[in-house]
Visitor: 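To start, I am sharing the structure in question, which I have written as structure tokens.
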Amino acid sequence: MTVAIYKSACPWLLLTFSLPTKRASQRVEVWRKLQRYGAVPLGNSGYLLPNTPTNQERFEWLATAIRKYAGDASVVKIQSIDNLSTPQLIGRFSEARVREYTELIRELRKLSSIPRQKRAFGHLTRLRTRFREIVEIDFFNSPLQKRVEELLARADTLPTSTGETAKVKPRDYVGRVWATRPRPGIDRSASAWLIQRFIDKKARFTFATEGRVPREAVPFDMFHGGFGHRGEDCTFETLQKSFRIRDKKAEVIGEIIHDADLVDEKFGRKEGFGIDQVLNGWAKQGIPDGKLLERGIQLMEGLYHSVSGK
């Protein structure tokens with residue numbers, strides 16, 4: 001759900017309310033509904049939502065309920081707030097959604113490491129439901145939304161062995177075409193860079209959806225087959241281990257890509273998030289897949305020359 005904040009004369013809705021002290025259970029009920037609606041607190045003034053018909057209806061319904069609980073409530077349309085710019089307000093909503101998506105990512109990664117037959121009944125269904133709930137209040141389209149979609153797709157497949165990654169014969173992969181999904185993000189772009197720099201300098205790349213990978217191509221970062229996420233590793237790390245790439249700078253980049261792709265703070269690396277945002281921005285501009293991957297490879301090459309090896 002995307003909200004066109006900048007086009008609205010009064011882009012925000014503010015719910016102000018008070019409840020009698022003895023209404024503790026009702027206060028909790030109101031707070032839970034505000035959480036479900038995606039509202040963010042505005043100091044002691046009340047709770048804020050983007051001004052949409054759905055949000056206005058929700059706030060007005062909640063204000064009516066508060067009055068029935070012997071409280072006071074008002075729904076106010078706001079044009080601007082003098083000490084908070086529109087980007088700052090949008091940032092508050094984005095931060096809230098990032099926290100929720102990040103928690104969902106952690107749960108999905110745990111679930112994906114468990115064989116399907118050993119998973120608790122309905123667990124994946126509950127996570128899908130939770131994802132839809134977050135998307136409904138993701139008013140400004142967090143980049144993590146796409147990441148969770150990919151993890152949900154992976155969770156439908158049996159997990160790959162979490163043991164040591166199988167080694168390969170590098171010469172078998174020279175002169176090959178490598179296939180990945182359209183709209184490459186940070187893991188796919190970095191993996192393509194790794195392939196060209198350390199595996200095959202003349203590697204060619206193509207894009208395919210699941211089930212339509214050319215027979216002669218080597219899949220990478222696909223949901224089924226080829227080189228992809230294995231255990232706690234992103235695709236970049238899987239390639240590193242499979243082809244025994246020991247380059248120190250590449251190891252640092254692997255940590256950067258891992259943290260940006262899996263959002264688990266394993267290495268405490270923040271550099272990749274900016275690169276991921278740039279790639280997402282280019283993707284939104286409608287840049288073709290091939291050009292997008294080419295730019296991503298160039299970014300990785302620049303990163304390689306800027307980092308220090310361990």
Side-chain angles (χ1 to χ4, degrees), residues 94-114 142-155 159-168 180-181 184-199 220-223 226-281 293 295-310:
S94 298
E95 288 169 8
R97 301 297 82 77
V98 165
R99 289 193 295 271
E100 292 165 350
Y101 280 131
T102 300
E103 180 58 33
L104 196 54
I105 286 170
R106 290 196 187 100
E107 292 192 46
L108 279 166
R109 291 190 66 239
K110 290 179 183 177
L111 181 68
S112 295
S113 66
I114 302 171
S142 168
L144 291 185
Q145 183 182 138
K146 185 177 180 181
R147 191 71 45 76
V148 176
E149 286 179 346
E150 293 177 352
L151 288 173
L152 282 168
R154 292 183 193 279
T160 310
S161 170
T162 57
E164 185 177 354
T165 302
K167 305 300 187 293
V168 299
T180 192
R181 292 173 288 126
I186 190 166
D187 194 15
R188 279 169 280 166
S189 295
S191 296
W193 169 82
L194 190 74
I195 291 164
Q196 279 195 338
R197 185 169 247 284
F198 294 101
I199 299 171
F220 72 100
D221 204 48
M222 305 290 284
F223 298 140
F227 298 93
H229 287 216
R230 294 181 183 173
E232 295 187 353
D233 292 339
C234 63
T235 299
F236 187 97
E237 294 170 298
T238 296
L239 287 165
Q240 272 184 303
K241 294 176 180 179
S242 297
F243 288 88
R244 299 181 289 279
I245 297 170
R246 304 294 186 227
D247 185 272
K248 297 299 183 183
K249 288 187 175 183
E251 288 183 19
V252 173
I253 291 177
E255 295 179 356
I256 292 171
I257 303 306
H258 176 103
D259 280 0
D261 189 53
L262 299 179
V263 202
D264 61 1
E265 301 180 347
K266 180 178 180 179
F267 300 105
R269 298 278 187 176
K270 304 297 184 184
E271 303 95 318
F273 292 97
I275 296 173
D276 198 29
Q277 290 288 342
V278 171
L279 290 169
N280 287 330
L293 188 66
R295 289 189 181 186
I297 290 172
Q298 291 171 352
L299 281 174
M300 292 305 126
E301 184 66 18
L303 181 63
Y304 180 77
H305 288 283
S306 71
V307 302
S308 300
K310 291 184 176 181

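Both backbone and side-chain heavy atoms feed into the values below; hydrogens, waters and symmetry mates do not. The model shown is predicted, which means the values in this text are computed figures rather than measured ones. Throughout, numbering of the chain's residues begins at 1 and tracks the sequence.
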Visitor: Of all heavy-atom pairs between Gly272 and Ile256, which one has the smallest distance, and what is that distance?
Guide: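 Closest approach of Gly272 to Ile256: N-CG2, 3.3 Å.
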Visitor: Glu103: which residues meet the side chain to side chain contact (heavy atoms under 4.5 Å, CB included) condition with it, sequence neighbours left out?
Guide: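 Only Arg106, Glu107 meet the side chain to side chain contact (heavy atoms under 4.5 Å, CB included) criterion with Glu103.
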Visitor: Output all residues satisfying side chain to side chain contact (heavy atoms under 4.5 Å, CB included) with Ala260, sequence neighbours left out; order by chain, then residue number.
Guide: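 Checked Ala260 against side chain to side chain contact (heavy atoms under 4.5 Å, CB included); matches are Ile186.
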Visitor: Could you measure the distance from the CZ atom of Phe220 to the CZ atom of Arg181? Nearest 0.5 Å is fine.
Guide: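 Phe220 atom CZ to Arg181 atom CZ measures 10.0 Å (nearest 0.5 Å).
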Visitor: If we only count heavy atoms from C-beta on, is the Leu279 to Ser189 side-chain gap below 4.5 Å?
Guide: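 Yes. Closest side-chain heavy atoms under 4.5 Å.
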Visitor: Got a sec, which residues hit side chain to side chain contact (heavy atoms under 4.5 Å, CB included) with Glu265, two or more places apart in sequence or on another chain?
Guide: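 Once residues adjacent in sequence are excluded, the partners of Glu265 under the side chain to side chain contact (heavy atoms under 4.5 Å, CB included) criterion are Lys270.
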Visitor: Give a yes or no on whether the backbone of Leu303 and the side-chain of Ser306 come within a donor-acceptor separation of less than 3.5 Å.
Guide: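 At least one qualifying donor-acceptor pair exists.
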Visitor: Which pair of heavy atoms, one from Gly228 and one from Thr238, lies closest together, and at what distance?
Guide: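 That would be O-OG1, 2.7 Å.
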Visitor: Check whether any side-chain heavy atom of Leu194 sits under 4.5 Å from a side-chain heavy atom of Gln240, and report yes or no.
Guide: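 Answer yes - side chains close enough.
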Visitor: So, using side chain to side chain donor-acceptor pair (under 3.5 Å) as the criterion, who are the partners of Asp259 when residues are at least two apart?
Guide: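 Side chain to side chain donor-acceptor pair (under 3.5 Å) list for Asp259, sorted by chain: empty.
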Visitor: Rounded to the nearest 0.5 Å, what separates atom CD in Glu237 from atom OG in Ser191?
Guide: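 If I round to the nearest 0.5 Å, the distance is 9.5 Å.
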Visitor: Using the side-chain contact (heavy atoms from CB on, under 4.5 Å) definition, which of the options Val263, Thr102, Leu108 pairs with Val148?
Guide: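 Answer after filtering Val263, Thr102, Leu108: Leu108.
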Visitor: Working to the nearest 0.5 Å, report the span between CG of Leu293 and CE of Met300.
Guide: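 The distance works out to 10.5 Å.
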Visitor: Can you say whether the rings of Tyr304 and Trp193 are parallel (under 30°), tilted (30 to 60°) or perpendicular (over 60°)?
Guide: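 Geometry flag for Trp193 against Tyr304: tilted rings.
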Visitor: Under the salt bridge (charged side-chain N to carboxylate O under 4.0 Å, His left out) rule, what pairs show up with a residue in residues 185-195, not counting sequence neighbours?
Guide: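 For residues 185-195, and leaving out neighbouring residues, the salt bridge (charged side-chain N to carboxylate O under 4.0 Å, His left out) pairs sorted by first residue read Glu150-Arg188, Arg188-Asp221.
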Visitor: Classify the ring geometry of His258 against Phe267: parallel below 30°, tilted from 30° to 60°, perpendicular beyond 60°.
Guide: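 If you compare the ring of His258 with that of Phe267, the planes turn out perpendicular.
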Visitor: Please identify each residue that fulfils salt bridge (Lys or Arg N to Asp or Glu O under 4.0 Å) with Glu95, with sequence neighbours left out.
Guide: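 Applying salt bridge (Lys or Arg N to Asp or Glu O under 4.0 Å) to Glu95 gives none.
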Visitor: For a 4.5 angstrom cut-off between non-hydrogen side-chain atoms, does Lys266 reach Glu232?
Guide: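 Yes, their side chains come closer than 4.5 Å.
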Visitor: Please examine the side chains of Asp247 and Arg197, heavy atoms only from C-beta on, and report whether any two atoms are closer than 4.5 Å.
Guide: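 Not touching, per the 4.5 Å side-chain cut-off.
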Visitor: Could you tell me the separation between the CG atom of Leu111 and the CG atom of Leu152, rounded to the nearest 0.5 Å?
Guide: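 That separation rounds to 9.5 Å.
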Visitor: Can you measure from CD (Glu255) to CD1 (Ile253) and round to the nearest 0.5 angstrom?
Guide: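 Spacing of CD (Glu255) from CD1 (Ile253) equals 11.0 Å.
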Visitor: Flag the pair Ile105 / Leu262 as yes when at least one side-chain heavy-atom distance between them is below 4.5 Å, and no otherwise.
Guide: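 A side-chain contact is absent here, since even the closest heavy-atom pair is not under 4.5 Å.
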Visitor: Is Ile245 close to Glu251 at the side-chain level, that is, under 4.5 Å between some pair of heavy atoms?
Guide: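 A side-chain contact under 4.5 Å is absent here.
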Visitor: What's the shortest heavy-atom distance between Phe236 and Ala250, and which atoms?
Guide: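 Looking at all heavy atoms of both residues, the shortest contact is CE2-O, 3.5 Å.
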